[in-house]
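Side-chain atoms are counted along with the backbone in the values below, which use heavy atoms only and exclude waters and symmetry mates. Ligands are counted one by one from 1 in listed order, and the atoms in each one are counted from 1 as well.
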Amino acid sequence: MNMILLGPPGAGKGTQAQRIVRSEGIVQLSTGDMLRAAIAAGSDIGRKAEAVMAEGKLVSDDIVVGIVAERFTMPDCANGFLLDGFPRTQAQAEALDEVLADAGLKIDFVVQIEVDEAQLIGRIGGRFSCPNCGAAYHDKFNRPEVDGVCDSCGGTEFTRRPDDTAEAMTVRLDAYNTETAPLLPYYKARGALVTVDGMAEIDDVTRQIMAVI
Ligand code: AP5
Ligand code: MG
Ligand code: ZN
C-alpha cells in the first residue's frame with residue numbers, strides 16, 4: 001500500500017505516520033526528516049536547504065523530487081510507503097506521478113488531515129522530539145509516559161525544531177495555503193482523497209485513518 005498524508009504544518013502528519021507505518025509494515029518517507037538529516041550530515045543538499053527551512057519557506061522542487069525519487073525504489077519500500085510532507089506543490093505532484101508511473105507504482109490513498117489554524121500554532125509551539133529515534137511529543141498533548149524519558153528508546157535528550165517559531169510558522173502556513181492546499185482538488189478529482197478530522201485526539205485520528213485505508 002502506498003499513501004500520501006497531506007496537511008498543514010502541525011496537523012499531525014508525522015505523529016500519525018509513525019503509527020500507520022508500524023501497523024501496516026510500510027516505510028515513512030518524510031521529506032522534512034530527510035532534509036533535516038541532510039543538514040545534520042552537512043551534505044550539499046543540507047547546505048542548500050538549511051536557511052530556507054529555518055525561514056519556513058519551501059525547498060526547491062528539484063531537490064525534494066530528487067530525494068524522494070531515489071528513496072522509494074529502495075528494497076525496504078517493497079511493501080509500500082507513506083509520503084509525509086510530499087508532494088507540496090503542483091510541480092512535485094506531477095513529478096511524483098511520472099516517477100511512480102516509470103516504476104509501475106501508484107498511490108492508493110491520499111489522506112488529508114484537517115485542523116484549524118489557531119490549533120496548529122499551539123501544536124507547533126509545544127512540540128519536541130527525540131533525536132535518537134525520532135519519536136514526537138508535545139508539552140501538553142503528548143507527553144512521554146515518564147517525564148524526560150523517551151517512550152520508544154529510553155533517550156533522555158530532546159530537541160525542538162528551528163522552524164517552530166512564530167515567525168517561521170506564519171511563512172509555513174502561507175506556503176501551505178498557497179502552494180499545497182491546491183493539491184487537494186487535484187487528488188479529489190481522481191477520487192483518491194479522504195479527509196479526516198485532525199482536531200480530534202491523536203488516537204482518534206489514527207482510528208479514522210485506519211478505518212479508510
Ligand atoms: P516538515 O518537516 O514536513 O514540516 P511541516 O509540514 O511544517 O509539518 P510538521 O512536521 O511541522 O507537522 P506535522 O504535520 O508532522 O505534525 P506533528 O505530527 O509533528 O517540513 C519542514 C520544512 O522542510 C518545510 O517548511 C520546508 O522548508 C521543507 N520541506 C519539507 N518537505 C518539502 C517539500 N516536499 N517541498 C519543499 N520543501 C519541503 O504534530 C505537531 C505537534 O502536535 C506534535 O507536538 C504532536 O505531538 C502534536 N499533535 C499531533 N496530533 C495531535 C492531535 N490530534 N491533538 C493534539 N496534538 C497533536
Ligand atoms: Mg512532520
Ligand atoms: Zn527516542
Report, in ascending order of atom number, the atoms of ligand 1 lying under 4.0 Å from any heavy atom of [X].
X    : answer
G14  : 13 (P), 15 (O), 18 (O)
N142 : 46 (O)
G85  : 31 (N), 32 (C), 33 (C), 34 (N)
G198 : 53 (N)
F141 : 55 (C), 56 (N)

To which protein heavy atom is [atom] closest, and what is the distance rounded to 0.1 Å?
atom                    : answer
atom 43 (C) of ligand 1 : Y137 O, 3.8 Å
atom 18 (O) of ligand 1 : T15 OG1, 2.5 Å
atom 16 (O) of ligand 1 : G12 N, 3.2 Å
atom 53 (N) of ligand 1 : A200 O, 2.9 Å
atom 6 (O) of ligand 1  : R88 NH2, 2.6 Å
atom 35 (N) of ligand 1 : Q92 NE2, 2.9 Å
atom 13 (P) of ligand 1 : K13 N, 3.5 Å
atom 31 (N) of ligand 1 : T31 OG1, 2.7 Å

Does a side-chain N-to-carboxylate-O contact under 4.0 Å join [X] and [Y]?
X    : Y    : answer
R143 : D151 : no
D84  : K13  : no
D164 : R123 : no
R207 : D203 : no
R172 : D174 : no

Indicate, as side chain, backbone, both or neither, the part of [X] found under 4.0 angstrom from ligand 1 when only non-hydrogen atoms are considered.
X    : result
V59  : both
P8   : backbone
R172 : side chain
T89  : neither
M199 : neither

Are [X] and [Y] grouped together when hydrophobic residues (ILVMFWY) are joined by side-chain heavy atoms under 4.5 angstrom apart?
X    : Y    : answer
L193 : V205 : no
V171 : I124 : no
L6   : V111 : no
V65  : I4   : yes

Option of least heavy-atom distance to atom 23 (O) of ligand 1 (set: M53, K57, R127, R123) = M53
Proximity winner for atom 52 (C) of ligand 1, if only heavy atoms of I63, D33, I202, T206 are counted = I202
request  = Starting from the C-alpha separation in whole Å, work towards a yes-or-no answer on side chain to side chain contact (heavy atoms under 4.5 Å, CB included) for C130 and S152.
outcome  = CA-CA 9 Å; C130 170; S152 311; over 6 Å; no
task = Could you pull out the closest heavy-atom pair between Y187 and A93, with the gap in Å?
result = OH-CB, 3.7 Å
Heavy-atom pair with the smallest gap, counting every atom of M53 and G32 = CE-O, 4.1 Å
I'd like to know if [X] contacts ligand 1, where contact means a heavy-atom distance under 4.0 Å to any ligand atom.
X    : answer
R161 : yes
G126 : no
A17  : no
I124 : yes
G7   : no
A136 : no
R36  : yes

ask   = Checking side chain to side chain contact (heavy atoms under 4.5 Å, CB included) for the pair V196/Q112: CA distance, chi angles, key distance, verdict?
value = CA-CA 6 Å; V196 299; Q112 173 198 9; over 6 Å; no
request  = Start with the C-alpha gap between E114 and D197, add the side-chain angles, then the distance that decides, and say whether side chain to side chain contact (heavy atoms under 4.5 Å, CB included) holds.
outcome  = CA-CA 5 Å; E114 210 170 27; D197 174 16; 5.8 Å; no
query = L173 versus I121: any side-chain heavy-atom pair under 4.5 Å?
reply = yes
inquiry  = Apply side chain to side chain contact (heavy atoms under 4.5 Å, CB included) to residues S30 and F86 and explain how you reach the verdict.
reply    = CA-CA 7 Å; S30 158; F86 179 92; over 6 Å; no
query = Between D97 and K106, does a salt bridge (Lys or Arg N to Asp or Glu O under 4.0 Å) hold up when you go through it step by step?
reply = CA-CA 8 Å; D97 288 342; K106 71 174 184 65; over 6 Å; no
request  = Is it possible for you to check whether R190 lies under 6.0 Å from the centre of the six-membered ring of Y186, through NZ or CZ, and within 45° of that ring's axis?
outcome  = yes
query = For residues R19 and T206, is any side-chain donor paired with an opposing acceptor at under 3.5 Å?
reply = yes
query = Got a sec: does the CD of E94 have more than 12 other heavy atoms crowding it under 6.0 Å?
reply = yes
Within-2.8 Å protein N/O/S contacts of the Zn ion (ligand 3) = C130 SG, C133 SG, C150 SG, C153 SG
query = Is there at least one pair of N or O atoms, one from V52 and one from ligand 1, spaced under 3.5 Å apart?
reply = no
